[in-house]
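Working notes, beginning with the structure itself.
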Amino acid sequence: MASHGVLRGSGVQPVTDQDRRREQQKIKEYKGLVDSVNDGIREHQFTNETLELTSKLLKWNPEYYTIWNHRRLILRNQFEHESLQGPEDADILRGEAVINIISDDLAFLVPLLRKFPKCYWIWDYRLWLLEESTRLLPALQARGFWQQELALVGKMLSLDSRNFLGWGYRRTVVSVLESTALQTERSSTDLIGQEFEYTTKMINSNLSNFSAWHNRSKLIPRLLDKRKADHGARRQLLDEELALIERALWAGSEDQSLWFYHQCLMCTFEPKYAAESMVPDLTQSERLIYVRDEIVKVRAMLDGAEDCKWIYQSLINLSLLYHKLDSTWFEEASHVNDYIDELVKLDPLRAGRWNDFKSQTMMLTNATGQHFLLQVTLLKTSNPVVSRLLSAPANITFWELHEASEACFGWTRNFIGEEESDFPKFMVVKGNTFEAERVESLDVLLDLVSEGGDSDVNTDGFPSMKYVRLHEVLNNFRFRENLINYAYDESFFHVIQVLGRSVGKPSDRIVCLGGQ
Amino acid sequence: MSLVSGPGRGGGASTVHVPDELKLVVENHVEYIKSLDTRQDELEYWLTEHLRLNGVYWGLTALHLLGHPQALPRDATVDFVLSCQHENGGFGAAPGHDAHMLYTVSAVQILGTVDALEQLDPCDKAGKEKVGKYIADLQNRETGSFAGDQWGETDTRFLYGALNALSLLHMLHLVDVPKAVNYIQVCANFDGGYGVSPGAESHAGQIFTCVGALAIAGRLDLVDKDRLGGWLSERQLPNGGLNGRPEKLEDVCYSWWVVSSLAMIDRLHWIDGDKLVQFILRCQDPEKGGIADRPGDMVDVFHTHFGIAGLSLIGFPGLIEVDPI
Ligand SMILES: [Zn+2]
């Protein structure tokens with residue numbers, strides 16, 4: 001009734017009379033089998049014959065949950081029967097009989113699990129059988145049964161490394177083996193450590209295994225508790241995991257499993273989740289350092305992967321996290337709006353989500369009070385180089401900056417009333433632009449967008465350029481480490497370099513700090 | 001999930017844009033669902049008997065959403081449901097099948113949909129109280145979790161089912177709701193999602209059950225909505241369909257589980273509704289009716305129901321609004 005992945009028209013629709021007869025024959029056979037099983041149970045015939053009939057039916061239709069319950073009733077009856085047998089040597093004999101019944105039934109299930117790995121009822125029944133072993137047998141023998149399951153489920157997961165039921169089963173088996181009911185003198189092995197290694201193995205064979213990463217995230221706190229790890233040991237494991245995920249992300253930055261694991265590790269620094277994380281007792285400033293390091297690492301991944309939405313998303317989340325830990329302005333915050341724009345462009349399916357980000361990040365990107373420390377160098381063909389150091393508020397326009405720097409150089413001119421075409425050409429360029437004659441051929445990196453519209457101002461001295469504010473360009477992540485170059489009056493080339501950023505009292509003054 | 005009972009629930013944006021060549025073939029779906037119980041000459045009919053009661057629920061709900069609530073005869077439906085009930089109050093998938101939480105929930109939902117819950121009371125069968133007690137007795141009073149039946153498997157699906165059915169019966173007081181809420185909290189993961197049991201991987205179906213249970217308990221405040229919404233929105237693939245876990249294929253049934261979870265946490269706009277609508281419509285069998293898991297696959301009533309419920313939730317025109325819980 002719920003079919004998955006079956007092509008339309010591939011079903012066995014009876015076409016000829018012969019087909020129809022064969023179908024009716026099969027229905028008769030099936031219903032006959034169902035009836036004889038149900039009759040047997042109704043009449044309390046908990047015999048091997050009825051058991052055989054349930055086997056036959058379950059092989060045909062393992063989803064028929066009632067039949068699994070019938071099978072349980074038959075086995076329960078057989079277990080009780082064994083416990084009533086023979087007064088002498090009873091314990092040993094009884095144990096052997098129970099062991100045989102359980103072994104046989106576990107073996108019966110293996111081909112069924114192979115054939116129907118996504119059938120809940122088979123896995124449930126198998127767990128019930130194992131629980132019966134715990135209930136009826138001495139810990140050592142029951143443990144033996146449970147122990148074997150790790151190998152079985154390992155095989156199942158090697159066939160389908162994402163089998164949801166398989167991973168769940170594996171976790172249950174491990175927790176039972178860890179439980180006090182099954183402890184014997186010989187059971188001191190480091191099971192959690194082994195499981196942790198198992199996830200490493202699965203991840204190494206395929207990075208995109210979200211199930212394995214998930215299990216790893218759940219095992220780590222238990223592993224650390226079990227080993228009674230101190231602060232140092234916890235931090236060491238954290239550092240190892242951060243290094244592991246960084247390597248993995250370099251190999252597969254488009255892989256969402258990896259980013260979810262990265263996000264999970266970041267919970268260590270998140271006040272809301274830190275208490276349950278692997279290192280619960282980091283100080284606020286230690287967390288800040290970790291987050292800052294992550295921002296640097298993730299940002300580095302952008303190089304050559306500018307179309308990878310996950311990087312932008314992570315940088316936004318890290319910026320929000322940083323802000324939670326320290327509400328003063330920090331450099332990365334200024335890029336967050338640009339990251340959101342990139343996300344909307346790269347991932348329009350989730351545009352609604354990215355736009356919601358904007359309200360969250362508003363407090364990050366507020367440039368009020370921010371100042372740039374700028375060096376403006378005037379390039380002429382002759383030496384020495386003439387330059388000025390300016391402190392400028394982030395929200396002044398390039399026009400105002402231009403006027404101010406002209407004034408600093410001592411060339412005050414009145415522009416009022418002049419044609420707008422006098423406005424210089426500003427360009428953001430990569431690398432060394434100190435060779436004036438090559439300016440025109442340099443790579444232009446940034447499209448400076450004017451306040452009013454979407455015009456490109458990268459190559460032409462657009463009049464609207466007048467209204468572009470410093471922070472719109474200098475805080476754009478694409479600007480990073482680059483220079484602004486502008487030409488004025490044909491022969492005067494200026495290079496603007498950002499030397500630093502600071503936060504102070506809101507001020508609209510441009511100050512000339514010095515020059516040479 | 002139940003049909004919307006009053007104004008102000010369910011529904012997303014009502015501005016769904018669909019290309020003209022993609023239409024919801026309402027009449028064909030109605031005919032398809034009506035035909036389901038006349039297929040006794042197919043072996044498949046008998047092999048799926050363990051889903052009969054769910055099948056009735058899926059078919060019935062789909063018909064109600066399509067605006068054809070009369071297409072299945074009401075009395076026959078009620079009779080069939082009551083014939084699945086056991087002495088202990090629980091329901092099996094079909095007459096003669098063992099009682100189980102899953103089918104007991106379906107039974108209550110069906111009776112609720114056709115407004116026949118009162119028929120549990122007067123007849124010689126167990127009344128409403130007995131149904132409520134059957135469900136309540138399956139709660140583990142220490143952990144708050146629920147078992148599926150006397151054999152004891154626990155799963156957050158059963159917990160959601162229990163709260164859903166008990167709230168329809170107005171009998172939530174029979175169970176320890178705060179304990180159940182605690183249990184869901186233990187099933188939460190760092191990605192914002194929930195698993196089938198403590199420690200289990202997040203899965204869209206299980207997220208639906210946990211968020212749905214929290215909604216019934218009035219504790220949606222416990223959900224990390226941005227984190228969960230982020231994980232859920234990443235279920236949408238470029239073809240518009242949704243998957244249930246990272247790196248899995250899209251499938252119509254997740255249209256319901258993911259979308260209703262997003263609706264419950266007010267993040268429905270985090271996916272592209274138009275593209276999802278188009279994907280679901282491409283999964284229709286335009287001639288014989290019914291919806292499949294993916295375009296071109298065999299249809300079934302399960303995916304027909306979840307496809308139509310998904311469309312309703314996105315605000316597809318002409319469908320009855322559905323309550324995301
Ligand atoms: Zn499906």
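Order of the sequence lines fixes the chain letters, A, B, ..., with proteins taken first and strands second; residue numbering starts at 1 for each chain. As a basis for the values below, the full set of heavy atoms in this structure was taken, side chains included, without hydrogen atoms, waters or symmetry mates.
When heavy atoms are compared at a cutoff of 4.5 Å, Glu234(B) approaches chain A by way of both its backbone and its side chain. The part of Gln24(A) that comes within reach of chain B is its side chain, from C-beta onward, which places non-hydrogen atoms under 4.5 angstrom from that chain. Only the backbone of Pro238(B) comes within contact range of chain A, with at least one heavy atom under 4.5 Å from a heavy atom of that chain. Contact annotation for Arg170(A): neither backbone nor side-chain heavy atoms come within less than 4.5 Å of a heavy atom of chain B. Proximity to chain B is limited to the side chain of Arg171(A), based on heavy atoms less than 4.5 angstrom apart. Asn317(A) does not touch chain B: none of its heavy atoms, backbone or side chain, sits under 4.5 Å away. Neither the backbone nor the side chain of Leu219(A) comes within contact range of chain B; no heavy atom of the residue lies under 4.5 Å from a heavy atom of that chain. For Lys309(A), the part sitting under 4.5 Å from any heavy atom of chain B is the side chain, from C-beta outward, and nothing else. Asp124(A) touches chain B through backbone and side chain together, each having a heavy atom under 4.5 Å away. Residue contact with chain B, scored on non-hydrogen atoms closer than 4.5 Å, is absent for Trp259(A). Looking at Arg42(A), there are no atoms closer than 4.5 Å to chain B (heavy atoms on both sides), in backbone or side chain. There is no contact between Leu249(B) and chain A, counting heavy-atom distances below 4.5 Å. Proximity to chain A is limited to the side chain of Asp155(B), based on heavy atoms less than 4.5 angstrom apart.
A donor and an acceptor atom, one from each side chain of Asp98(B) and His70(A), are nowhere located under 3.5 Å apart. Residues Ser211(A) and Arg162(A) bring a donor and an acceptor atom of their side chains to less than 3.5 Å of each other.
Among Trp68(A), Trp121(A), Trp213(A), the residue making the largest number of heavy-atom pairs under 4.5 Å with chain B is Trp121(A). Considering only heavy-atom pairs separated by less than 4.5 Å from chain A, the leading option among Val196(B), Asn189(B), Asp191(B), Val252(B) is Asn189(B). Options Gly168(A), Ser208(A), Cys264(A) differ in how many heavy-atom pairs under 4.5 Å they form with chain B, and the most are formed by Ser208(A). Ranked by heavy-atom pairs shorter than 4.5 Å toward chain B, the options Tyr64(A), Phe164(A), Trp128(A) are led by Phe164(A). Chain A forms more heavy-atom pairs under 4.5 Å with one residue of Lys288(B), Arg235(B), Gln150(B) than with any other, namely Arg235(B). Options His97(B), Gln40(B), Glu201(B), Arg227(B) differ in how many heavy-atom pairs under 4.5 Å they form with chain A, and the most are formed by Glu201(B). When the candidates Leu36(B), Ile271(B), Leu47(B) are compared by the number of heavy-atom contacts under 4.5 Å with chain A, Leu47(B) comes out ahead. By number of non-hydrogen pairs under 4.5 angstrom with chain A, the leading residue of Asp224(B), Asp149(B), Thr304(B) is Asp224(B). Across Asp251(B), Asp272(B), Asp285(B), the residue that shares the most heavy-atom pairs under 4.5 angstrom with chain A is Asp285(B). For the set Tyr65(A), Tyr30(A), Trp60(A), Tyr125(A), the count of heavy-atom pairs under 4.5 angstrom toward chain B peaks at Tyr65(A).
Other residues, nucleotides and ligands contribute over 12 non-hydrogen atoms within 6.0 Å of the CD atom of Glu43(A). More than 12 heavy atoms of other residues, nucleotides or ligands lie within 6.0 Å of NZ in Lys225(B), so this atom counts as buried by the packing criterion.
Checked against a 6.0 Å centroid threshold, the rings of Tyr194(B) and His203(B) do not count as neighbours. Residues His100(B) and Phe91(B) place their aromatic rings such that the two centres sit no closer than 6.0 Å.
Remark: Asp17(A) engages Arg20(A) in a salt bridge, criterion side-chain N to carboxylate O under 4.0 Å. A salt bridge is absent between Glu132(A) and Arg72(A): the closest approach of a Lys/Arg side-chain nitrogen to an acidic carboxylate oxygen does not fall below 4.0 angstrom.
Summarising the geometry of Ala62(B) relative to Ile33(B), their closest heavy-atom pair is CB-CD1, 3.7 Å, with the distance given to 0.1 Å.
For the pair Arg52(B) and Tyr103(B), the NZ or CZ position fails the cation-pi test of under 6.0 Å to the six-membered ring centre and within 45 degrees of the ring normal. Under a cutoff of 6.0 Å and an axis angle of 45°, Arg216(A) and Phe196(A) form a cation-pi pair. Under the 6.0 Å distance and 45° angle rule, Arg126(A) does not count as a cation-pi partner of Trp123(A).
No donor-acceptor distance shorter than 3.5 angstrom exists from the side chain of Arg282(B) to the backbone of Arg294(B), with no hydrogens or angles considered.
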From CA spacing to verdict: ring-ring contact (aromatic ring centres under 6.0 Å, His included), His214(A), Phe260(A): CA-CA 9 Å; His214(A) 164 81; Phe260(A) 284 124; over 10 Å; no
